[in-house]
Structure formats: C-alpha cells, structure tokens
Amino acid sequence: MITSILETIGNTPLITIPNSNKANEGQVLFKYERYNPGGSIKDRAAMYLVTEAERRGLLKPGGTIIESSSGNFGISLAMIGAAKGYHVIVLVDPKTTNANLALLKGFGAEVIVVTQQDDSGSYHKTRISLANKLAREIPNSYRPDQCFNLLNSEAHFKSTAREILNNCPSDLAVVIAAVSTGGQLGGISKYLKTFAPDVQIIGVDAVGSAIFGGHMDSYRIPGVGLGWTPINLNMDYIDRTYKVTDEQAFLTARAFARHEGILMGPSSGACALVALHVAQELTPDQRIVCMIADGGERYIQTLFNDDWMEEQGFATLADMETIRAMARQQQPWSVNPADYANHRSDLIQSLEVPDSTLHMNAEVQQRANFSQGSSVYLD
Ligand SMILES: Cc1ncc(COP(=O)(O)O)c(C=O)c1O
C-alpha cells in the first residue's frame, strides 16, 4: 500500500514512439514525467528541496514555502505543501496559464502574479527578488530558490539520471532535455558524464532565451528559457545545444497528441522535435532518451486551443511527415556550448539570494564525491 501520494514521485516510464520514429533510425524513448503525481518532472526537485530543508531545520511544521515559478515547480510545491501541511506562496507571471493558476489554487497555494518586467523583458528577476523579499519578511518561511539552489540539479543527479541509465544501460547514445533553471539538464549531464561519458548530452531552449548565449527576445514556450546560464548547469557537460521556435514547439506537441496519443507541453514538443532530428542521424541500435517534462492538459487553453494558436499567428495542424521534415532541417545552435556560457554571479548579490541557499550551495560544492559520483553519495 502507498501511504502518501508523495511516494509515487519518480520511476517514470520510457515510451517508444512507433508512429513517428522509423525502424532504420535511432530509437527514441520518451521519459514521460507526466506520471509524477503533480504532473511534471518538477515534483522530483520540489520533493528533494523540501526534504533537505526539513532535514536541516530550515522548514518547520506550520511553515511557509515561498517560490518563484512559471507554474510546474509551484504546482509541485503546492501539492507537497498540501500533503505535508505547509502554507505555499507561489509567484507567477502573466505567461502562466489559467489551468496552472487553477491547479495552484486547487492545491491551496496562495498565488501572486508579478506583472513588472525585468531589464531583459522577462519576469524572472522581478519574480525572484520579490520572492526573496517575502522570505525575509515572513517568519518561519523557507525559500527553495530553484534557480540558485544547487540541490535542484542534485535531485536529478540522484533520481532522474540514475533511472535513465538503469533502464537503458548499454545502448544509450543521447539524452535530450529542455532548460530553464538547469536542474534537469545540469543533474542529468553531470551524472552521465561521470558514469557513461560516451553518452551525448543535448540541451534544448527557446529561440529568444539566452541560456546558451545569444540575445533575449520574447518567446511563448512556457517553462523554458532564462536571460543567463543558471548555476545548476555546467556547460562543459553539454555536447550540443538547439534553439526551437515557438511555432515549431507547439506544432510538434500537437502532432504527438494526434499521431502517438501522447500529451505533452510545448517545451517537450521542442525536445521531441530535436529527438526526431537526432534519430535521423543515428542507427536503430542507438537509443535517444528525450525528456518529456509534463503532460498537455495544463495547456488546454493555449497549445490545444485552435483560436489561441491562430491568434499567435501559428498554424494549427501538421502531420508527422511535416514534423519529421521540420526536424531534419534543425541546425544546432552550438556544438561547443561551453564557449557560449553566460553565467551571472553578480545576480546572487543583486537579487539578494538568501543566505540559506548560499550555505546549501557551499555544502553541495564541498561534497567531493558529488563530482566523483560515489555510491555513498548516491544513497
Ligand atoms: C514544462 C517544463 N519543461 C522544462 C523545464 C526546464 O526544467 P529546468 O528548470 O529543470 O531546467 C521546466 C521548468 O520549469 C518546465 O516546467
């Protein structure tokens, strides 16, 4: 018997895509994170950060969790808060969908919509600094700080990456993941470069984001992107990066719903498009694990709404052959990603990152066995 919903986090399935992946090319496996109880990959990091905070006495019974999140991480925290009895405050922005807002409120979270844009035209910095201010003001509060907390990537080092390698031990050739805080890509890449260094790691971002370098511009893909390279992501572990346009990401996600019966959000559409591109370069004995970070229900009013798609100037339908042709035409943004790293250590001071986060980071960095990946650390 399962004694708490939180025990069902992780151990998500790997799923083949027979209607889109040809027999004579690399085999794509979707790691389908929608099966987490909060509906996305973010349950893993949220659970890890909350558990570690409890263990350190940073989060006490009756406490408040405060976080800046475009949706999924906040939803995960709201679910965990509901299960464990914490008050949860989530700072979102106008790009957050009504479905996500309803889910946050459904789990009992308090939602603050931050409407002031930062100097890069996005909301990340304004959301983060307001969350930090609230954490200073509200007694008995804990700020997981997914963007600046190294425990975020450590969560994926310990769970997501280990599952991938355990389930795909011999013929894993490539892992593909989207990026925002760098938690999943950072943790997975560090683990695989330690235990299976021949596996190629590919990062996917939105055209308009600056994580892999380049200039910031507006984009519509929720959950991905940032104006800088996050500290959870070491670009030395990344072999190739791609940037996908909004329309391509949305159309690919829609095509997978129709042609494979697999619901996914736009960030996963971007990853799936890159996976189809890579598959066409590889042979059937080579496996490509593609992270599908969440399901599609939470984008019902945008991604799966024809009127909304048309308002954005996007096409509404593309068959799988059109998507495969689009995939073939993808070009890497970079094949030497480390040269484009855009880390911003100054933000730690200007955004007033909490001391508790900095202490945790020092601890994570000091664990020599993290970088060496010893089994002691993993347990
Ligand atoms: C749907 C979705 N995809 C991808 C990401 C990026 O993951 P990470 O923040 O671990 O880089 C997020 C993060 O919020 C997300 O919600």
Side-chain angles (χ1 to χ4, degrees), residues 12 30-34 36 38-49 67-78 90-93 95-97 99-100 103-104 122-124 127-128 144-157 159-161 175-191 201-206 209 211-212 219-235 237-238 241-242 244 249-250 252-253 263-274 290-299 302-303:
T12 51
F30 282 171
K31 186 141 176 78
Y32 200 30
E33 294 292 310
R34 176 193 177 203
N36 286 298
S40 84
I41 192 168
K42 290 284 175 170
D43 284 2
R44 296 172 184 269
M47 188 62 194
Y48 189 63
L49 265 73
E67 186 62 346
S68 158
S69 166
S70 64
N72 279 337
F73 190 64
I75 291 167
S76 298
L77 286 174
V90 181
L91 293 95
V92 298
D93 63 49
K95 287 205 288 185
T96 308
T97 62
N100 279 7
L103 283 169
L104 287 168
S122 135
Y123 301 91
H124 290 116
R127 271 185 357 206
I128 290 170
D145 202 8
Q146 60 165 339
C147 210
F148 287 94
N149 192 334
L150 289 175
L151 290 176
N152 178 0
S153 51
E154 194 173 83
H156 295 285
F157 182 98
S159 72
T160 326
V175 176
I176 301 171
V179 65
S180 176
T181 65
Q184 47 170 322
L185 187 63
I188 292 169
S189 59
K190 189 163 193 169
Y191 185 93
I201 308 291
I202 294 183
V204 177
D205 200 4
S209 162
I211 293 176
F212 300 145
Y219 56 88
R220 306 290 323 198
I221 306 174
V224 295
L226 205 61
W228 66 95
T229 309
I231 61 165
N232 273 289
L233 182 62
N234 182 342
M235 298 283 270
Y237 300 138
I238 312 302
T241 61
Y242 287 82
V244 173
F250 280 79
T252 305
L263 285 178
M264 64 178 72
S267 80
S268 305
C271 282
L273 185 69
V274 173
C290 173
M291 298 306 300
I292 301 297
D294 63 6
E297 291 99 327
R298 49 194 59 172
Y299 308 101
T302 52
L303 167 62

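In each ligand, atom 1 is the first atom listed, and ligand 1 is the first ligand listed. Residue indices begin at 1 and follow the sequence shown. It should be emphasised that the depicted structure is a prediction, and the values quoted were computed from it without experimental measurement.
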Query raised in the report: Name the residues with a heavy atom less than 4.0 Å from ligand 1?
Result: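 Protein residues near ligand 1 are K42, N72, V179, S180, T181, G182, G183, Q184, G223, S267, A293, D294, Y299.
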
Is it true that a side-chain atom of [X] and a backbone atom of [Y] form a donor plus acceptor pair closer than 3.5 Å?
X: D205; Y: G225; answer: yes
X: E67; Y: Q146; answer: yes
X: T97; Y: R298; answer: yes

Requested in this report: Report the distance from atom CG of N36 to atom CD1 of I75, rounding to the nearest 0.5 Å.
Outcome: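 The distance works out to 12.5 Å.
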
Query raised in the report: Side chains of S209 and I221: closer than 4.5 Å at any heavy-atom pair?
Result: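 No - every pair of side-chain heavy atoms lies 4.5 Å or more apart.
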
**Report entry** Residues in ring-ring contact (aromatic ring centres under 6.0 Å, His included) contact with Y299, at least two apart in sequence or another chain
**Finding:**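 Y299 satisfies ring-ring contact (aromatic ring centres under 6.0 Å, His included) with no residue once adjacent residues are dropped.
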
